[in-house]
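Excluded from the calculations below are hydrogen atoms, water molecules and symmetry mates; all remaining heavy atoms, backbone and side chain alike, are included. Order of listing sets the numbers, starting from 1, for every ligand and every atom in it.
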Amino acid sequence: MIPAAFDYVRAGSLAEAIDLLRRDPDGTKLVAGGHTLIPTLKLRLASPALLVDIRGVAEMKGILVGEDSIGIGALTTHAELLASNALHQVLPIFRQAANLIADPQVRNRGTIGGSLANADPAADWPAIVIALKAELEVASASGSRRVAANDFFVDIFSTALEPDEVLVAIHIPRPAADMRFTYRKIRHPASGYAVVGVAAGLRVNVGVAADVSIGVTGAAGHAFPGDVAAKFLAGKALSQGNIEEAARLQSAATECLSDRYASAEYRASLVRTEITRALLAVAA
Ligand SMILES: Cc1cc2nc3c(=O)[nH]c(=O)nc-3n(C[C@H](O)[C@H](O)[C@H](O)COP(=O)(O)OP(=O)(O)OC[C@H]3O[C@@H](n4cnc5c(N)ncnc54)[C@H](O)[C@@H]3O)c2cc1C
């Protein structure tokens, strides 16, 4: 299909992008990789009057591994996250997850910011930023603010972003050196998106789960923290029985989506098995 007519501007800076958005927030769409937006326009699910191309905005690119935190520009592509050795050394979960996203063509163009702002309920990065307790930096003409990843995903394709706000960067507190993370997903066979995906972080102290952090995607209308499982397991012996019980409790507490590919019961079962497998993997 052919999109409705629109005007197109390339923003040269963050300030310019924000200014263009401010003038008509509801009639303007930012385009990053375009991997979701362009099909949406072609299907006429959106018909903005203006497209603001932000790919040239240098302030929104790159990965900075600092002593206390890791900053990732919203325009960083999946391929750049996969390739970064500096990031891999502190958070190997990024390479692991990026490798599971679609194919090289999609990874070369799709951006982490576009994925988070789009909030597809089956996208991978939302589970990871939740498990990593990231903060998302957003900016508008009235200034900038940070939103905890836990609070960012509101509903299907819906986030805490206001129509005049740009997602600028993702900030991740540097985890303790002995905190290990993993990501795993059951892929939809056609799209590669997560039917259910789980990011899990674990720190063990003399056989006890000292710190547990879980993000789940694909299961419900939006990615969410696996707090029920984390709360149950924290402070307990890291036995297979405790891990399985934590996963069972989380599954029972989750209201799962149902669609033509996976029923709510099947997704609930995947929440249980994928949390179990992810925790066993980081515990190993
Ligand atoms: C064939 C295919 C397979 C895929 N498989 C997977 C997969 O397995 N797992 C997965 O997680 N994803 C998958 N994706 C999604 C893809 O990886 C991108 O993450 C996704 O398309 C959005 O990123 P983008 O940069 O292309 O965003 P765009 O399409 O440019 O934008 C998406 C939306 O976000 C808004 N937006 C973009 N950037 C910003 C910003 N900085 N601030 C505010 N709003 C912004 C846009 O206005 C638009 O509404 C797949 C996509 C395709 C086409």
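Atoms CD1 and CG, on Ile72 and Leu91 in that order, are 7.5 Å from each other to the nearest 0.5 Å. For the atom pair Asp68 CG and His171 NE2, the distance stands at 13.5 Å (nearest 0.5 Å). Once rounded to the nearest 0.5 Å, the distance linking CD of Glu80 with OG1 of Thr111 reads 10.0 Å.
Tyr183 has its side chain within reach of Thr217: a pair of non-hydrogen atoms, C-beta onward, lies under 4.5 Å apart. Side-chain contact between Phe94 and Leu82 is absent, with no heavy-atom pair separated by less than 4.5 Å. Taking 4.5 Å as the limit, every side-chain heavy atom of Leu50 sits out of range of all side-chain heavy atoms of Phe6. Residues Thr273 and Ile186 form no side-chain contact, since every pair of their non-hydrogen atoms from C-beta on lies 4.5 Å or further apart. Under the 4.5 Å side-chain criterion, counting only non-hydrogen atoms from C-beta, His222 is not in contact with Pro121.
At under 3.5 Å, not a single nitrogen or oxygen of Ile38, backbone or side chain, sits near a nitrogen or oxygen of ligand 1. Geometrically, ligand 1 and Leu30 share a nitrogen or oxygen pair separated by less than 3.5 Å. By the 3.5 Å distance cut-off applied to N or O atoms, Leu161 is not counted among the residues near ligand 1. At least one N or O atom of Thr36, backbone or side chain, sits closer than 3.5 Å to an N or O atom of ligand 1. Distances between N or O atoms of Met60 and those of ligand 1 include no value under 3.5 Å. At least one N or O atom of Leu37, backbone or side chain, sits closer than 3.5 Å to an N or O atom of ligand 1. Considering both main-chain and side-chain atoms, His35 comes within under 3.5 Å of ligand 1 through a nitrogen or oxygen pair. The shortest N/O to N/O separation between Gly113 and ligand 1 does not fall below 3.5 Å.
Near Ser191, the atoms of ligand 1 lying under 4.0 angstrom from a non-hydrogen atom of the residue are 3 (C), 5 (N). Counting the atoms of ligand 1 from 1 in the order shown, those under 4.0 Å from a heavy atom of His78 are 16 (C), 17 (O), 18 (C), 19 (O). Close approach to Ala32 involves these atoms of ligand 1, each under 4.0 Å from a residue heavy atom: 25 (O), 30 (O), 37 (C), 38 (N). The ligand atoms of ligand 1 that sit less than 4.0 angstrom from a heavy atom of Lys185 are 8 (O). Applying the 4.0 Å criterion to heavy atoms of Val31 picks out, from ligand 1, the atoms 30 (O). Close contacts between ligand 1 and Lys29 involve ligand atoms 47 (O), 49 (O) [criterion: under 4.0 Å to a heavy atom]. Heavy-atom proximity to Gly192, at under 4.0 Å, picks out these atoms of ligand 1: 8 (O). Atoms of ligand 1 found under 4.0 Å from any heavy atom of Val166 (numbered from 1 in listed order, with element): 42 (N).
With atom 7 (C) of ligand 1 as the reference point, the heavy atom nearest to it among Val138, Asp124, Thr28, Val106 is part of Asp124.
Among all non-hydrogen protein atoms, the one lying nearest atom 24 (P) of ligand 1 is Gly33 N, 3.6 Å. Of all protein heavy atoms, the one closest to atom 41 (N) of ligand 1 is Leu167 O, 2.9 Å. Among all non-hydrogen protein atoms, the one lying nearest atom 44 (N) of ligand 1 is Ala117 CB, 3.5 Å. Taking atom 28 (P) of ligand 1 as the reference point, the nearest protein heavy-atom neighbour is Gly34 N, 3.4 Å. Here the heavy atom of the protein found nearest to atom 25 (O) of ligand 1 is Thr111 OG1, 2.7 Å. The single protein non-hydrogen atom nearest to atom 27 (O) of ligand 1 is Gly114 CA, 3.5 Å, given as residue, atom name and distance. Protein heavy atom at the shortest distance from atom 3 (C) of ligand 1 is Ala102 CB, 3.5 Å. With respect to atom 50 (C) of ligand 1, the closest heavy atom belonging to the protein is Tyr193 OH, 3.3 Å.
In this model, no donor atom of one side chain and acceptor atom of the other lie less than 3.5 Å apart for Ser144 and Glu137.
The local environment of CG in Leu45 is crowded, with over 12 non-hydrogen atoms from other residues, nucleotides or ligands closer than 6.0 Å.
When each of Val166, Val168, Val52, Leu75 is tested with Val57 by the rule side-chain contact (heavy atoms from CB on, under 4.5 Å), just one qualifies, namely Leu75.
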* Asked: Would Ser140 and Arg22 count as a side chain to side chain contact (heavy atoms under 4.5 Å, CB included) if you check the C-alpha gap in whole Å, the side-chain angles of each, and the deciding distance to 0.1 Å?
  -> CA-CA 8 Å; Ser140 69; Arg22 177 192 59 81; over 6 Å; no
* **Chi angles and distances behind the salt bridge (charged side-chain N to carboxylate O under 4.0 Å, His left out) call for Lys185, Glu274** => CA-CA 7 Å; Lys185 71 170 166 178; Glu274 291 311 290; over 6 Å; no
* Given side chain to side chain contact (heavy atoms under 4.5 Å, CB included), test Val147 with Leu161 step by step and report yes or no. => CA-CA 9 Å; Val147 184; Leu161 274 175; over 6 Å; no
* Could you please spell out the steps behind the side chain to side chain contact (heavy atoms under 4.5 Å, CB included) verdict for Leu81 and Trp125? => CA-CA 11 Å; Leu81 292 164; Trp125 293 126; 3.6 Å; yes
